[in-house]
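Throughout, a chain's letter reflects where its sequence line sits, starting with A, and its residues are numbered from 1.
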Amino acid sequence: MKRTHDCASLTEGHIGQEVVLMGWILRRRDHGGLIFVDLRDRMGITQVVFSPEAAPAAHKKAHALRSEYVIAVRGTVAKRPEGMENPKLLTGAIEISCAELRILNSSQPPPFPLDEEGEVSEAIRLKYRYIDLRRPRMAEAIRIRHEVCQAVREHLNNQGFFEIETPMLTRSTPEGARDYLVPCRLSPGSFYALPQSPQLYKQILMISGLEKYYQIVRCFRDEDLRADRQPEFTQIDMELSFVEEDDIIALVEGLVSHVFEKALGRVLSCPFPRLSYDEAMERFGTDRPDMRFGLELRDVSEVAQTCAFQVFRHAASSGGVVKAVNAKGMGDISRKEIDELTEHAAAFGAKGLAWVKIREDGSWQSPIAKFFTQEEMERIGEHLEASSGDILFFGADQKSVVLKVLGELRLELARRHGLILRDVLSFVWIGDFPLFEYDEELGRLQAVHHPFTAPREEDLDLLETEPFRVRARAYDLVLNGTEIGGGSIRIHRPDVQERVFRALSLPDEEAREKFGFLIEALSYGAPPHGGIAFGLDRLVMLMTGRETIRDVIAFPKTQKGQCLLTQAPAPVAMTQLVELSLKPGWD
RNA sequence: GGAGCCGUAGUUCAGCCGGUUAGAACGCUGGCCUGUCACGCCAGAGGUCGCGGGUUCGAGUCCCGUCGGCUCCGCCA
């Protein structure tokens with residue numbers, strides 16, 4: 001028997017045709033006489049009917065069918081009797097009247113139901129991932145992921161890009177995340193590193209004159225896992241020569257539009273809005289703002305500076321800030337909810353969370369009301385556009401803490417009060433990033449983006465004098481509060497690259513040892529170039545409405561980095577270690 | 001490195017203040033059933049209460065430790 005159709009494609013137009021379907025038994029309904037089977041494949045579900053009169057042999061065999069048996073069915077497409085249509089199925093108007101049944105394989109009862117209803121613990125799903133992936137919900141995510149990849153390739157190929165592979169075995173470089181290391185048998189004591197991204201290779205490809213590169217590529221970072229972070233993840237990576245910021249932004253807007261239209265049938269409105277890093281931080285407390293709702297942050301440091309409330313006055317007059325969020329119309333929230341919000345804020349470093357409810361007459365109901373004069377209350381109220389029924393939340397501390405706390409509070413308020421509209425797609429470009437930030441732990445500057453990001457031309461002279469004021473030619477694309485892509489125009493002059501390394505306190509010898517090949521390459525006719533990389537997993541997660549990237553990765557790892565299917569990582573034989581000149585020190 | 005939630009039948013869960021033989025639904029097995037679609041009806045099987053220790057006359061329940069899953073902080077150029 002040869003399969004003729006999949007389980008989603010038969011309609012009333014096929015009535016009377018003989019077809020062959022193959023798939024898995026989702027459910028069997030045995031009436032003693034008639035037997036109904038819901039047959040499932042990766043595309044959908046079709047009902048098959050076994051009748052003792054029409055096909056006695058097939059009917060007899062059908063008694064033995066159980067969940068997840070694999071079968072082939074030859075039969076005719078029949079219109080369902082009047083009133084027997086199933087509107088829940090795409091194929092609900094028809095059914096297959098079975099003439100011949102072949103059982104291709106039997107199955108043990110599955111360890112968990114494949115129904116769409118009900119959650120099954122993730123540990124069991126991951127152990128039996130091959131069964132989990134049969135669930136329509138999972139198959140759909142994997143299919144959309146495929147369609148996204150196809151749309152990316154289609155669009156970039158049409159734009160003249162070459163898809164080029166870069167090494168998985170590469171060298172460990174300083175900066176960035178912890179590397180996964182791979183011992184090199186032929187050079188005892190030396191290690192490859194798995195790439196955190198193909199950054200340097202793609203820049204070298206530009207120097208090679210290939211002009212337009214892309215790759216859908218695996219990246220590895222040995223850091224702790226989160227709902228949106230796996231140790232290996234996939235980037236849509238691109239690099240172009242002879243371009244500036246706006247070229248890349250326009251390219252990406254075209255690409256993202258194409259992808260959403262192809263994979264989801266959704267039309268996006270371009271261009272996407274843009275926001276500077278500073279504005280994003282001031283208004284939303286984060287460089288990846290979720291702009292589907294308001295609740296923006298406002299600065300009240302000026303009033304706070306002179307008020308009688310010690311906490312505010314101290315913060316505002318000793319280098320910190322006082323900012324506030326007006327939770328419009330949420331003034332009726334309970335004391336208990338305020339406590340929960342305070343606890344939430346504390347998790348992000350808040351020492352407290354001052355609040356003010358605005359009464360009917362405009363006056364303040366608040367534990368801190370007594371510290372403010374009438375005039376101060378009015379100025380704050382005016383600044384926050386407060387009116388009766390609102391509740392204001394304040395953060396007073398060092399600026400970074402206040403932004404973090406209120407930014408998170410803003411999200412929590414929106415989540416609790418249903419302000420986040422699921423179907424809205426809110427894209428925003430963030431630009432004008434600073435080139436450097438201070439790393440407390442290392443006690444030196446660090447690149448906000450990475451050390452190959454170009455400084456703005458007009459800021460070059462600040463590199464040695466006021467490095468904090470140097471702005472980067474970098475841009476991030478944010479969708480609904482998640483950073484889905486980031487890139488920059490790169491440094492293409494060796495002298496500038498050396499100056500940036502020096503600003504990062506990377507000694508010349510070390511820079512030469514680790515990045516000498518890059519600086520040398522830059523000296524052989526490197527064209528101006530730039531690029532961007534997208535987190536494919538996160539993008540597909542958002543496109544499919546999933547809450548974790550594990551749901552859009554076929555074989556993800558647990559929070560401890562384990563693969564529950566294969567039990568990786570696992571110990572290896574001593575002979576393997578010896579061959580690699582590795583000396584175990586843990587026994 | 002740290003904080004929190006969870007772990008009882010194949011699955012999802014209930015199990016009160018520590019007290020008799022640990023329950024339900026779905027699934028599974030057997031039987032009946034010719035228009036079901038989460039089919040229905042009857043009967044049955046199925047438990048290392050994650051693991052180890054402690055308290056107690058007595059622990060699924062309380063305490064300590066440990067393992068595992070998840071969420072978060074730190075970390076993630």
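We find that A/Arg28 and A/Asp38 are not joined by a salt bridge, their nearest charged nitrogen and carboxylate oxygen being 4.0 Å or further apart. Using a cutoff of 4.0 Å between basic side-chain nitrogens and carboxylate oxygens, A/Arg550 and A/Asp228 are not scored as salt-bridged. Ion pairing of A/Arg512 with A/Glu509 is absent here, as no side-chain N (NZ or NE/NH1/NH2) approaches a carboxylate O to less than 4.0 Å. In this structure, A/Arg134 pairs ionically with A/Glu68, as a charged nitrogen and a carboxylate oxygen lie closer than 4.0 Å. Using a cut-off of 4.0 Å between Lys/Arg side-chain N and Asp/Glu carboxylate O, A/Asp476 and A/Arg288 are scored as not salt-bridged.
Within the nucleic acid shown, A/Arg80 comes within 4.0 Å of at least one base atom, counting heavy atoms only. Across all strands shown, A/Glu122 has heavy atoms under 4.0 Å from sugar-phosphate atoms exclusively, and none from any base. Looking at heavy-atom distances under 4.0 Å, A/Phe452 makes no contact with the nucleic acid at all. Contacts of A/Pro111 with the nucleic acid, taken as non-hydrogen atoms under 4.0 Å apart, involve only primed sugar atoms and P, OP1 or OP2. Within the 4.0 angstrom heavy-atom criterion, base atoms lie near A/Ser197. Among the atoms of the strands shown, none is found under 4.0 Å from any heavy atom of A/Leu126. A/Glu119 comes within 4.0 angstrom of the backbone, heavy atoms only, and of no base. Heavy atoms of A/Glu95 sit under 4.0 angstrom from at least one base atom. Here A/Val49 lies out of heavy-atom contact (under 4.0 Å) with every strand.
The nearest heavy atom of RNA chain B to A/Ser121 and to A/Lys557 marks one nucleotide each, and the one closer to the 5' end goes with A/Ser121.
Here A/Phe112 does not count as stacked on B/U11, because the ring centres are not under 5.5 angstrom apart with planes under 30°. Stacking between A/His31 and the base of B/C39 is present: ring centres sit under 5.5 Å apart and the planes differ by under 30 degrees.
Regarding contacts with the backbone of B/U71, a side-chain N or O of A/Arg550 is found under 4.0 angstrom from either OP1 or OP2. Using a 4.0 Å cut-off, no side-chain N or O of A/Lys127 falls inside it from OP1 or OP2 of B/G68. A sub-4.0 Å separation between OP1 or OP2 of B/U71 and a side-chain N or O of A/Gln559 is present.
For A/Phe233 and A/Phe220, the ring centers are positioned 6.0 Å apart or more.
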Might you list the N or O atoms of the protein lying below 3.5 Å from N or O atoms in nucleotides 24-29 of chain B, with each pair's distance?
from, atom 1, to, atom 2, distance (Å)
B/U29, OP1, A/Arg66, NE, 3.1

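A/Gln199 and A/Tyr201 share no donor-acceptor pair across their side chains, judged by distance under 3.5 Å alone. A donor-acceptor contact closer than 3.5 angstrom is absent between the side chains of A/Gln196 and A/His450.
Against RNA chain B, the stretch residues 222-230 of chain A makes heavy-atom approaches under 4.0 Å through A/Glu223, A/Asp224, A/Arg226, A/Ala227, A/Arg229.
Residue A/Pro198 forms a side chain to side chain contact (heavy atoms under 4.5 Å, CB included) with just one option from A/Gln203, A/Arg218, A/Gln235, and that option is A/Gln235.
Qualifying salt bridge (charged side-chain N to carboxylate O under 4.0 Å, His left out) partners for A/Lys557, counting only residues two or more places apart in sequence or in other chains: A/Glu232.
Distance noted for atom C1' between B/G47 and B/U66: 23 Å (whole Å). Comparing B/U29 with B/C67, their P atoms sit 39 Å apart, to the nearest whole Å.
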